[in-house]
Peer 1: 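First the structure, then my questions, so here it is.
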Amino acid sequence: MGTRLPLVLRQLRRPPHPPGPPLRLRVPCRASSGGGSGGREDLLGQRRLLDGQARSSRSPGGRTPAARDSIVREVIQNSKEVLSLLQEKNPAFKPVLAIIQAGDDNLMQEINQNLAEETGLNITHICLPPDSSEAEIIDEILKINEDTRVHGLALQISENLFSNKVLNALKPEKDVDGVTDINLGKLVRGDAHECFVSPVAKAVTELLEKSVGVNLDGKKILVVGAHGSLEAALQCLFQRKGSMTMSSQWKTPQLQRKLHEADIVVLGSRKPEEIPLTWIQPGITVLNCSHDFLSGKVGCGSPRIHFGGLIEEDDVSLLAAALRIQNMVSSGRRWLREQQHRRWRLHCLKLQPLSPVPSDIEISRGQTPKAVDVLAKEIGLLADEIEIYGKSKAKVRLSVLERLKNQADGKYVLVAGITPTPLGEGKSTVTIGLVQALTAHLNVNSFACLRQPSQGPTFGVKGGAAGGGYAQVIPMEEFNLHLTGDIHAITAANNLLAAAIDTRILHENTQTDKALYNRLVPLVNGVREFSEIQLARLKKLGINKTDPSTLTEEEVSKFARLDINPSTITWQRVLDTNDRFLRKITIGQGNTEKGYFRQAQFDIAVASEIMAVLALTDSLADMKARLGRMVVASDKSGQPVTADDLVSVSNPEGTPVFVHAGPFANIAHGNSSVLADKIALKLVGEEGFVVTEAGFGADIGMEKFFNIKCRTSGLVPNVVVLVATVRALKMHGGGPSVSAHTKLHYVKTELNGCCNLQKQIQIAQLFGVPVVVALNRAGAFVLLLSWSSWWTRSVDLRAARKEPDSSFLYDVSVVDKIRTIAQAVYGAKDIELSPEAQAKIDRYTQQGFGNLPICMAKTHLSLSHEPDKKGVPRDFILPISDVRASIGAGFIYPLVGTMSTMPGLPTRPCFYDIDLDTETEQVKGLF
């Protein structure tokens, strides 16, 4: 046994600390250990005198404090051993007990501290003034409730503050004193193993049985002056022991008769002076749970009473403190169990499919989404790990990755597709339907990870990206329109950087080195100081100075001038709207721009490199570094200029969906974020599944998934689900073309388009991962999913349980990497580089970026660069018209043929059908 417990036992033999000034700071605090050694011995001597007087009032059969000390030692030692076993498997785990104290009982504070340290717990006291109000106490309780570092909470407050509002503000799972209605209810119902039992009530029964040696079975026990949770817990525990229990308040009529009849008397509050001790019969056992029962008056004029056994308040307090520590260890064990992989306690929403199938938006509105805080709790997210947006959306904090870092990952499933029609072939529908089948019908933890829809296709041709029919993300209006605003935030950040580039060129063209430097590092209160961004630039330039006044003229010029070559600017402004007239513009035509104008362009927002960075980052620190590395132009000596030189982000059955990042697959890398996948893989556990989607066909989205996303994340999928529709197969086999708002005429023909399906399977096999095919409305090889009735009893999970043997497609020079993709994936005979593309490749290679993977910008409507070439085109030359570099995101970005990074609107866009119903206040026309 360590040194702390004997110290605690000695502390109980000295009087309480004198009241001091109230502690008003909400900070952890610890009581002092007392004065010098001489004063301490005096206090101990006084306490021993009182102990001796109290013991002299007991009968010869009464127990001494040694028996109580033995019980306390046993409880603490057992708690210590249990905690050690827990920490063997979880070395960083150390439970924290918080005690909210409103008063000046510093002795108990110190006892709690020492018992906790002896056991191996952390403890923190939140010290409030003695006159704290009920509202102030509740406010502190609510803060502790949401603090995931705290596993138990106890209240050390005055009796008048123990209201129902205060007690039931505690989270039952942190209520180590067992005072909440939920814990008391479980105790009364007989579920003591599922709740926390009041340490005081349990200490009473333990002391009676073990210290005094009383057999409680058949005994008449009178509980006097107890209230609320303590009274209920005492009655329940005594009844469980076979005792006949009576409760009474001090002013109850016939109290004297009840005291005479009792075998055991438990005093729950201070005895009023008008109630004489002589009412308690000599020889019966008395247990005191209140302060000042004897008031230090034994032997000082009070009549000598010989009790059969007298257990004082100090005895109960110490054992109760030890049992509270025991409850804390149990709380920590339960918390650890909750962190381990388990089947989710997910209550899926019931679906009632209709025939004919209603529209997507009618299905979405016909199902009330589960509250996102309820869903988060069901899948194991803690309250402080989510930031709620409305009722059905929330962002997840990255702290969950640290909490679950030792959790094994689940199985990783990628959904890709064959070369699609302009309307899409249902990869999102298959992704959602597969997760619904796994979770709602097979009771397997599974998560869908999708991209956020762009307003471009939502208001253009394709419409939304929520899935469809009974397999979609709901509410679809919120999903398709803005969600939590990430795309708009990316747009603002992107355009801020674009404005900084042109502004910097303007100011460098119109100012001297000195004037420019003085404006970049202005005098503030007579002092010049570099910002953090500027200090980073100095370091990059090799200038190891921090005092702005010490730079030489050459260093001032080198620092102040970026010397951007306007013809090399690759950073474009973005907008989340299809607008063909922004593909080529002239900026700077206002008089205030002093003749500085240049040709520029807009890209669609989801093609921004910032979107790619968001999707590929694995931490905030990594994202900050990637954003800083983004190359926006070259200077006049051919060196790259980076961003840090200039400036400093549910479905119809109630199963979970992560929606994070939204890059297109044809003009960007086309996959949802690495972070969403990593968090989901931890949450589902080792036997669970995470289903994510790669945009467009396997030749585009899936290829980038492996060669870009998997290189970044270090993750490898266990299986690829390849989606096809009869509509697309017939189109690739020579059937009619497919376009929006045109009736589909299905001719009776063989599915010759299976050649495209076969090619896409071969592309997937290049990466060494098993392939499962999902066909809409057709006999599938293994998996059959349908928009109108997606569920299936034949979902074969065996392919996903095999360990993948994957490999990347290339690791060579830029030109060879482009050629490898063109030939091995698209089926091209060769590539053809424009002079501009070749010059860009040479520049990026010279700047040290030749080792980066490739992100091809190509039409999604064909394996070739020509959208009208269906099936499997052969022997074509793939033209590369331009090459860009997304250095922060980490890839080189070739543009194939006439591919544009700003889509245009069709003659009849989707927004013709989208309107606001002013009576229902709902958006209509989305699909």
Side-chain angles (χ1 to χ4, degrees), residues 416-422 424-425 456-457 460-462 578 580 583-584 601 603-604 607 663-670 694-705 707-708 728 731-732 734 737-739 753 755-760 762-763 766 809-810 814-841 853-886 891-904 906:
I418 67 171
T419 302
T421 68
E425 307 317 305
V461 175
K462 184 173 175 287
N578 290 0
R580 64 179 68 247
R583 291 172 176 172
K584 192 69 68 177
Q601 69 182 61
D603 293 339
I604 194 159
F664 283 172
N666 53 353
I667 56 177
H669 77 282
F696 296 127
D699 58 307
I700 297 183
M702 187 193 70
E703 179 271 315
K704 295 170 183 175
F705 175 90
N707 283 320
I708 297 176
M731 181 190 72
H732 286 296
S737 61
V738 178
S739 60
C755 61
N756 185 275
L757 173 61
Q758 182 183 32
K759 173 63 176 174
Q760 303 287 6
Q762 291 170 351
I763 294 170
L766 289 173
L809 196 59
Y810 53 71
V814 173
V815 173
D816 287 337
K817 284 185 276 198
I818 297 173
R819 181 175 287 113
T820 298
I821 295 171
Q823 294 176 336
V825 178
Y826 306 153
K829 183 177 180 180
D830 204 350
I831 62 172
E832 181 179 65
L833 297 171
S834 71
E836 183 180 1
Q838 184 64 64
K840 295 276 189 71
I841 291 173
I854 302 298
C855 181
M856 302 285 275
K858 183 186 79 71
T859 179
H860 60 288
L861 298 174
S862 173
L863 284 165
S864 73
H865 58 288
E866 298 177 89
D868 295 336
K869 301 289 185 182
K870 305 302 181 183
V872 183
R874 301 183 188 280
D875 296 328
F876 59 92
I877 302 297
L878 192 74
I880 308 298
S881 57
D882 194 10
V883 177
R884 301 178 187 174
S886 294
F891 52 72
I892 301 294
Y893 182 16
L895 276 69
V896 177
T898 59
M899 192 66 197
S900 172
T901 51
M902 170 55 84

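Keep in mind that this is a model prediction, so the values were computed, not measured.
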Peer 1: What's the separation between atom CZ in Arg874 and atom OG in Ser864, rounded to the nearest 0.5 Å?
Peer 2: 12.5 Å

Peer 1: So how far is it from Met702 CE to Ile763 CD1, rounded to the nearest 0.5 Å?
Peer 2: 6.0 Å

Peer 1: Should Leu878 and Glu832 count as side-chain neighbours, where that means a heavy-atom distance under 4.5 Å?
Peer 2: no

Peer 1: Show the nearest heavy-atom pair for residues Pro873 and Leu863, with the distance to one decimal.
Peer 2: CD-CB, 4.0 Å

Peer 1: With a 4.5 Å cut-off on side-chain heavy atoms, are Cys855 and Ile708 touching?
Peer 2: yes

Peer 1: If every non-hydrogen atom of Pro894 is compared with every non-hydrogen atom of Ile892, which pair is closest and at what distance?
Peer 2: CD-O, 3.3 Å

Peer 1: What verdict does the side chain to side chain contact (heavy atoms under 4.5 Å, CB included) test give for Arg884 and Asp603, after you've listed the backbone C-alpha separation in whole Å, the side-chain angles of each residue and the deciding distance to 0.1 Å?
Peer 2: CA-CA 13 Å; Arg884 301 178 187 174; Asp603 293 339; 3.3 Å; yes

Peer 1: Relative to the ring of Phe696, is the ring of His860 parallel (under 30°), tilted (30 to 60°) or perpendicular (over 60°)?
Peer 2: parallel

Peer 1: Could you give me the CA-CA distance, side-chain angles and deciding distance for Ile604 and Asn578, then say whether side chain to side chain contact (heavy atoms under 4.5 Å, CB included) is met?
Peer 2: CA-CA 7 Å; Ile604 194 159; Asn578 290 0; 3.4 Å; yes

Peer 1: Do Ile700 and Met856 make a side-chain contact, defined as non-hydrogen atoms from C-beta onward lying under 4.5 Å apart?
Peer 2: no

Peer 1: How close do Glu866 and Ser862 get, heavy atom to heavy atom, and via which atoms?
Peer 2: O-CB, 3.1 Å

Peer 1: Which pairs pass side chain to side chain donor-acceptor pair (under 3.5 Å) with one or both residues in residues 817-830, sequence neighbours excluded?
Peer 2: Asp816-Arg819, Arg819-Asp830

Peer 1: Side-chain contact, heavy-atom cut-off 4.5 Å: Ile880 with Val896?
Peer 2: yes

Peer 1: Are Glu836 and Ser881 linked by a side-chain donor-acceptor pair shorter than 3.5 Å?
Peer 2: no

Peer 1: Decide side chain to side chain donor-acceptor pair (under 3.5 Å) for Thr419 and Gln760; before the verdict, give the C-alpha distance in whole Å, the side-chain angles of both, and the deciding distance to 0.1 Å.
Peer 2: CA-CA 8 Å; Thr419 302; Gln760 303 287 6; 2.9 Å; yes

Peer 1: Applying ring-ring contact (aromatic ring centres under 6.0 Å, His included), can you list everything that pairs with His865, at least two apart in sequence or on another chain?
Peer 2: none

Peer 1: Tyr810 vs Ile821, test: side chain to side chain contact (heavy atoms under 4.5 Å, CB included). Steps then yes/no.
Peer 2: CA-CA 8 Å; Tyr810 53 71; Ile821 295 171; 3.6 Å; yes

Peer 1: Any heavy-atom pair between the side chains of Thr859 and Thr898 that's under 4.5 Å?
Peer 2: no

Peer 1: Do you know the tightest heavy-atom contact between Val815 and Ile831?
Peer 2: O-CD1, 3.9 Å

Peer 1: Who passes ring-ring contact (aromatic ring centres under 6.0 Å, His included) against Phe705, sequence neighbours left out?
Peer 2: Tyr412

Peer 1: So, are Asp699 and Lys704 salt-bridged, with charged N and O less than 4.0 Å apart?
Peer 2: no

Peer 1: Return the minimal non-hydrogen interatomic distance between Val825 and Lys759, and the atom names on each side.
Peer 2: O-CE, 3.1 Å

Peer 1: Do the side chains of Leu809 and Leu766 get nearer than 4.5 Å, heavy atoms only?
Peer 2: yes

Peer 1: What are the two closest non-hydrogen atoms of Ser886 and Tyr893, and how far apart are they?
Peer 2: OG-CD2, 4.1 Å

Peer 1: Could you tell me the separation between the NE2 atom of His732 and the CD atom of Gln758, rounded to the nearest 0.5 Å?
Peer 2: 13.5 Å

Peer 1: Is the closest side-chain donor-acceptor distance between Glu425 and Thr421 under 3.5 Å?
Peer 2: yes

Peer 1: For the residue pair Lys584 and Gln601, establish whether any side-chain heavy-atom pair is separated by less than 4.5 Å.
Peer 2: yes

